[in-house]
Amino acid sequence: MATRIERDSMGELEVPADALYGAQTQRAINNFPVSHTPMPPAFIHAVVRIKLAAARVNQASGELDNERGEAIQKAAREVLTGIHDQHFPIDVFQTGSGTSSNMNVNEVLANLASREGVDVTPNDHVNMGQSSNDVIPTAIHLSAAIGVHETLRPALVHLRDTIDRRASELSHIVKTGRTHLMDAMPLRMDQELGAWSSQLNQAIERFDSAMQRLCRLAQGGTAVGTGINAPDGFAEQVAQELSEQTGLMFAPNDSFFASLSSQDAAVELSGQLKGLACVIMKIANDLRWMNSGPLAGLGEIELEALQPGSSIMPGKVNPVIPESAAQAAAQVIGLDAAITVAGQSGNFQLNVMLPLVASNLLTSINLMSNTSRLLADRAIATFKVREENLKAPLARNPILVTALNGVIGYNAAAAIAKKAYQAGRPIIDVAEENTDLDRETLERLLDPAVLTQGGIPE
Ligand SMILES: O=C(O)C[C@H](O)C(=O)O
């Protein structure tokens, strides 16, 4: 491989001839061959957005001359198109402050900017008024806020709306409810699906609330939170620039000391993602049970057949989308556990597990966004209801006798249920033989559709 010599404060080393980065990035590549997973492009782009904002603020204040300011901005805009993403190869498991990734961005932007014929250095010009210690926490908030706003929230709204549409289409269908996975009182399908929709609505509310904390930025705190080397007004102006770039409302955090040394908002967001993962897991599992069979399971619904299920059993079709969704949910729950540990790693003035927080948070946002859309479009929107399989067990369901509790008492009702279950007879026939109630009254009291409406049967 052709190489060139680059220099930093520690001396010289070789980098690939065509690399846009310099010596500090190469040292990090050499030092951290850990997971071979680079930082997510959305995170790198957030760092680049901060550099773009800082260059504009520094240029406006006169700290940075116009030529260098314009050259850095041009370079940043070019990187934001994604054409240089391969020049940010540093492993997630690197220095805990993310200094290596901050310097990677500084070096690439300085290199591209210098091609404009001006002398731009990574530390003095691109990193002006900043430290990794405020840039990286800011980039975590910025990239997560963009991910929630642009990707996750629309995906959740799409899933909720798809569920609501199916619920209203299926509102005439009554089915056996289940508690402990055992037959229970009946409910309508729109009530069952309505639970999923309501869970998603509440998840969306929690993300909307978490966004308020995400939009508070560390930028301006520099090395330890005092703001050393950042001019007056820098924090507010960078937040304003980032708001204009993204359409979100960013502002400096109340305490830079807190925002450098903690990751509380990221822990909160990860917790909300874990909560969402539990919702997704519940929906996926309900779908799997309802789809089970087709002959020896519940067989209440038929999910769209997307691919042959088995390499050995011909004709078998499996619930692959709910299975994929359940695995994604499990992964998010695991990533949250690591973020929880990382959130506790604020030692004095700096949290030192920042790259892991960034990577896990963005991975979880992507997993939940893509999963929500797949569940909506390839499972919820397309499943068919097998009404005949719902009707037959509903008519025989001995638990309907619950509706007679208030008329004949729990013990008498239990005896009827037992008899009906043992004989495999409809509950109404057994109740007619064993109570003073006439057929017409029993039909009214035991009508499954009426029983879905709650209240005391009359
Ligand atoms: O990289 C920096 O700007 C600071 C570094 O993280 C440190 O505190 O040692």
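We count ligands from 1, going down the list as the structure has it; atoms in each ligand are counted the same way.
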What's the shortest distance from atom 4 (C) of ligand 1 to any protein heavy atom, and which residue and atom give it?
Asn133 OD1, 3.3 Å
Arg378/Glu304 salt bridge by N-O under 4.0 Å criterion:
no
So does Leu214 get a backbone contact from the side chain of His141, meaning a donor-acceptor N/O pair under 3.5 Å?
yes
Distance flag for atom 1 (O) of ligand 1, protein heavy atom under 4.0 Å:
yes
Please work out, at 4.0 Å between heavy atoms, whether the side chain, the backbone, both, or neither of Ser131 comes within that distance of ligand 1.
both
Does a salt bridge link Arg4 with Glu14, judged by any charged N lying under 4.0 Å from a carboxylate O?
no
Under 4.0 Å to a heavy atom of Ser97 - the qualifying atoms of ligand 1, by number
6 (O)
At less than 4.0 angstrom from any non-hydrogen atom of Thr99, what atoms of ligand 1 do you find?
1 (O), 2 (C), 5 (C), 6 (O)
Between the main-chain N or O of Phe256 and the side-chain N or O of Ser259, is there a donor-acceptor pair closer than 3.5 Å?
yes
For the pair Asp377 and Arg373, find out whether any cationic side-chain nitrogen is under 4.0 Å from an anionic carboxylate oxygen.
no
With atoms numbered from 1 as shown, which atoms in ligand 1 lie under 4.0 angstrom from a non-hydrogen atom of Ser132?
1 (O), 2 (C), 3 (O)
